[in-house]
Amino acid sequence: MASQSEKKLSISERALASLHEGSAAQNRPAGTENAAYLDGLNNEQREAVLATEGPVLMLAGAGTGKTRALTTRLAHLLHTGRAQPWQILAVTFTNKAAREMKERIEKLVGESVEGMKWLGTFHSIGAQILRRHAELAGLKSSFTILDADDQVRLAKQVIEAANLDPKRWTGRGLAYVIDAWKNRGLTPDKVPANEAYNFAEGKAIDLYRAYQARLTTLNAADFGDLLVHNLTIFQANPDVLEEYQRRFRYMLVDEYQDTNVAQYLWLRLLAQKHKNICCVGDDDQSIYGWRGAEVENILRFEKDFPGAKVIRLERNYRSTPSILGAASGLISSNTARLGKTLWTDLEEGEKVKVRGVWDGEEEARLIGDDIEAEQAKGRSLSDMAVLVRASFQMRAFEERFNTLGLAYKVVGGPRFYEREETRDALSYLRLIRSADDDLAFDRIVNKPKRGLGDKALQVLHKIARAQRRADDDSTAFEVGAQGISLMAASRIALESDDLHAAARRSLVNFVDTIDRWSRDAKDMAPADLAELVLEESGYIDMWKNSKSPQAPGKLDNLKELIQAVSEFDTLEGYLDHVALVSELNEDTGGGQVWLMTLHAAKGLEFPVVFLPGWEEEIFPSKRALDENGNAALEEERRLAYVGVTRAEESCRISFAANRQIYGRWQAAMPSRFIDELPEEHVDVVSEPGLYGNAAGDFASHSSFEGVKLRDDAYYDNPGWRRARAAKSRSAGEPPMIEGRGATVSVSAGASKFKKGQRVFHQKFGYGEIFAVEGQKLTVNFEHSGLKKVIDTFVDAA
DNA sequence: GTATATGATATTTTT
DNA sequence: TATCATATAC
């Protein structure tokens, strides 16, 4: 269609590119700047492709054709013979991104992609390297990769072994602390002493050490270890490091804004020799800070890699000027940015719609209607997406879509490999492969029930702990130190009379069966083994006999699992795949509305995007703000930016005045992000009487300036209150707040109130003052489900 | 050792 | 409101 103008452009760009050629052209076969794969790239993209030598930072805004530039760059390296496929290190965060990159390069250069064995996620490449040098990290190369659930269970065991209260100090909490350290590349001996108090009153580092000791015993590594072990190996063995430094002549990193410190260190070590590292990212789309990502990595790039070339991709091919303008205005409130000016020459399009509604149900109804209207106009359902901040917000939409009979597809959610039945089945396979895998043992000894309950397990654990390996000369006190595996302990237990006759009979059977399977495994296809094991163990029967409504689904999943195993030649191959790849043949939503979290939507685009739930405390999330203050606020804002920039043609933001969360009614304030949208790109369409009309309450609300974190004045905005009060008094409306009644402490402005006075609170409605103590008020509210809240907002009723 | 009741707890989650 | 883990009863 636009071939004429595009062709013209590409000729002029070609001319321009030949100017760059001088600097970067050694060794290059003549004429490659005309290679077909460069056609249709804009100047910046082309520059990003051709600047092959030295450090490069590609700042690629949303929708600027990043993936294209990046895959072309790789194709170019291969095509010009600058590097052999195995000399390129290309890292992504997701398997999906890695797969996509591979496919696209294949299309560009054909063959030779198969040789790119170092194209993958940080974790898969880390695992690859670690397997080759496992012994340098005290592991066997057959080590097991633990997932998040295993990690938590292990952490819990460590806490229990240290005689700490597992209620006060949870496995999840410890796993989180350890993860945070690993994200920063810190092994137990490197953790600053003052951080010991992050958890369990100073015992945190000991617990971390014990946790690592347990991992070594189990011959296992968690996700964080895959990189941290790499770092330790590289630092302690310069020869190994050099091997890789020499191998990776060119490095490419996608989503650089989401790298954590460990990943950053890893990249820096590897890049030291050739220094041909190209990092691609967008500081405005860094949304994984809570997982250890450091925006600073990208902000600091030029300092870290002196002489770095910075290339900005600023031409947006995705969104209309309105959408782009709204997003840009929003993100400009952030301070920690490199700054970009996205532009587009698409047509103006409709403004971003902002709509206020009375409650969450109404919001779902409105969006459902909108979707049907779009559908009636001929738009495909899969062109539309509802993006929410948190997954609990999805329920309202699922319910509404179900009643409307709208097909929808939830992306994310409980994943195949995280489901109970899948994890159980995998545990059988893991135990067969590695008898030392205690976590797997624990999980399935008594599943299905074999009469080996808590009592028997306790005996086994006790034996395991008491026994030390012959070759283990460690004397140091280790919390949770465990000498031998549970499987080995079982064999000892069978020789003693520590177990009851019934338990013993059952255990003999179990151990023998596992042994037999292990022998069988050697000359059996993994899928056949899986099938045999699940049948013979009685695991499938367990679900067949189950009355649980979920049983049929679980049986289906087990079938699907066997199917998945059949695609692998070895059990090892399959288990590694499972550990590192979480998705399983994702359906492409043909004719289904997409429903997902904002995080899950990163990297995607849709013609029509709905962004519901833009309310203070939900978005930006109160919890994030409480935990991380301004840094979190900026991250939430980036998340909002990601949301808006997913839209190609239409972006519809909404918020509700009242919302039911976990069955409780709560009143809500519109998100400050709404106020930050530039007016010229926004159409405010609110329910009359709620935010109303031109004279309107919304106007007064949005004209309020200087909004700070949890600023009380913001909550006290008169327009908002008036609107809510008016609405709440009319009969037949949904209650503003429902609940049993509770006592609430109020901490400010108490002096003007008297005991017995009737008051109105922003969030909790009407109540009577029960007591006044100095600056503190205690109020009995008529309707409130909350037991105790410290807040500052009360007015005479 | 297993079935049922209670109660705490619920952002985001690329690997 | 649903889910999970732990506490208790059988």
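The shown structure was predicted, so the numbers you read here are calculated from the model rather than taken from an experiment. First the proteins, then the strands, lettered A, B, ... as listed; each starts at 1. The analysis underlying the following values was restricted to heavy atoms, covering all of them including side chains, and did not include hydrogens, waters or symmetry mates.
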*Asks:* Would you mind reading off the distance between W266(A) atom CH2 and dT15(B) atom P, rounded to a whole angstrom?
*Replies:* 16 Å
*Asks:* Identify whether a stacking contact exists between F122(A) and dT15(B), where the ring centres must be under 5.5 Å apart and the planes under 30° apart.
*Replies:* no
*Asks:* Can Y176(A) and R172(A) be counted as having a side-chain donor-acceptor contact under 3.5 angstrom?
*Replies:* no
*Asks:* Does either side chain, that of D179(A) or that of Q151(A), offer a donor lying less than 3.5 Å from an acceptor on the other one?
*Replies:* yes
*Asks:* Would you tell me whether Y211(A) and D222(A) have side-chain atoms, one donor and one acceptor, within less than 3.5 Å of each other?
*Replies:* yes
*Asks:* Starting at CD1 of I618(A) and ending at P of dT12(B), how long is that distance when rounded to a whole Å?
*Replies:* 12 Å
*Asks:* Considering Watson-Crick and G-U wobble pairs with both distances under 3.5 Å, what does dT11(B) pair with?
*Replies:* none
*Asks:* Checking side-chain contact (heavy atoms from CB on, under 4.5 Å) between W266(A) and each of T259(A), V228(A), V261(A), L231(A), which is the one that passes?
*Replies:* L231(A)
*Asks:* Could you check whether the side chain of R389(A) and the base of dT11(B) have a donor-acceptor pair of N or O atoms closer than 3.5 Å, going by distance alone?
*Replies:* no
*Asks:* For R623(A) and dT11(B), is the shortest distance between a side-chain N/O and OP1 or OP2 below 4.0 Å?
*Replies:* yes
*Asks:* Could you tell me whether the side chain of R395(A) has a donor or acceptor atom within less than 3.5 Å of a complementary atom in the base of dT1(C)?
*Replies:* no
*Asks:* Describe the nucleic acid contact of D454(A) in one word from base, sugar-phosphate, nothing, applying a heavy-atom distance below 4.0 Å.
*Replies:* sugar-phosphate
*Asks:* For K622(A) and dT11(B), give me the distance from atom NZ to atom P, rounded to whole Å.
*Replies:* 12 Å
